[in-house]
Structures are given as structure tokens and as C-alpha cells.
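Below: one structure, written as C-alpha cells.
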Amino acid sequence: MNLTEPSTENVIYMIDMIKDKLRMVNADAMKPEHFDTSQYEDLVYLYEMVMKRDAFSPSEMQAIVTELGSLRKS
């Protein structure tokens with residue numbers, strides 16, 4: 001998947017992959033439609049950081065979820 005171009009499809013893909021990787025219990029709280037391309041670069045950065053790690057501490061998990069929350073549409 002080419003993530004260099006901001007698109008709704010790329011946002012959906014990245015959010016779904018982050019949710020899967022983090023094994024989020026309440027995955028419905030992070031629906032792809034809550035995000036748009038206005039914060040695309042930040043979302044790509046977070047996606048790349050999450051994908052290159054194998055495990056996360058509870059505090060890292062909380063920080064990632066907090067960051068995702070800050071990237072949601074207002």
C-alpha cells in the first residue's frame with residue numbers, strides 16, 4: 001500500500017492496522033471515520049512507529065491511544 005498520498009482509504013487502512021497491532025479491546029472507539037486527511041502526516045508517523053514495534057508497555061499503549069485521540073476530527 002502506498003501511504004505517500006493522503007487519502008481516505010489510506011487513513012482507514014492505517015487506523016485498522018493500528019487497532020489490530022495494539023489488539024485494542026474497545027476498537028469501536030477508534031473508527032476510521034473519526035479521522036481525516038488533515039492530520040495525515042502525524043497519522044503516518046504514528047502508524048510507522050506502531051508497525052515497527054513488536055510489543056508495547058501499558059504506558060506506551062496509553063500514550064498511543066492518547067495520540068490517536070488527539071488526531072481525531074473535532
Side-chain angles (χ1 to χ4, degrees):
M1 172 151 275
N2 179 6
L3 299 177
T4 58
E5 294 295 320
S7 71
T8 302
E9 292 80 18
N10 286 348
V11 169
I12 292 168
Y13 173 80
M14 288 187 289
I15 295 298
D16 286 344
M17 293 300 292
I18 290 170
K19 287 190 310 187
D20 289 346
K21 180 82 173 204
L22 298 180
R23 295 182 192 98
M24 293 179 71
V25 175
N26 190 4
D28 286 339
M30 289 293 167
K31 294 182 179 180
E33 56 267 19
H34 292 160
F35 300 86
D36 62 22
T37 56
S38 66
Q39 302 283 340
Y40 191 78
E41 290 177 20
D42 294 329
L43 186 56
V44 170
Y45 175 79
L46 186 61
Y47 165 79
E48 289 174 346
M49 189 269 304
V50 168
M51 290 301 121
K52 68 181 175 183
R53 299 277 309 273
D54 291 328
F56 301 92
S57 70
S59 61
E60 289 171 323
M61 191 86 106
Q62 182 60 43
I64 292 166
V65 170
T66 299
E67 184 63 25
L68 280 169
S70 73
L71 297 176
R72 290 176 63 156
K73 290 189 244 182
S74 335

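Computation of the quantities below employed the complete heavy-atom set of this structure, encompassing side-chain atoms and omitting hydrogens, waters and symmetry-equivalent molecules.
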Rounded to the nearest 0.5 Å, what's the gap from CZ on F56 to CE on M49? Could you check? 6.0 Å
Interatomic distance, OG1@T8 vs OH@Y40, rounded to 0.5 Å, equals 10.0 Å
Under 4.5 Å between side-chain heavy atoms, hopping through other hydrophobics if needed: is there a path connecting M14 to I12? no
Could you give me the CA-CA distance, side-chain angles and deciding distance for I64 and L46, then say whether side chain to side chain contact (heavy atoms under 4.5 Å, CB included) is met? CA-CA 8 Å; I64 292 166; L46 186 61; 4.2 Å; yes
If I compare all heavy atoms of P32 with all of K19, which pair ends up nearest, and what's the gap? CD-NZ, 4.1 Å
Cluster check L68, M51: I/L/V/M/F/W/Y, side chain < 4.5 angstrom: yes
Heavy-atom neighbours of E33 CD exceed 12 at 6.0 Å: yes
Within this structure, what is the CZ-CD distance for the pair R72 and Q39, rounded to the nearest 0.5 Å? 13.0 Å
Rounded distance [0.5 Å steps], NZ in K21 versus NZ in K52: 11.5 Å
Any chain of hydrophobic side-chain contacts (each under 4.5 Å) joining Y45 to I15? no
Sub-4.5 Å side-chain heavy-atom contact between D36 and V11: no
Separation between CD1 of I18 and CZ of F35, rounded to the nearest 0.5 Å: 8.0 Å
Calculate, to the nearest 0.5 Å, the distance between atoms CG and CD belonging to L43 and E67 respectively. 9.5 Å
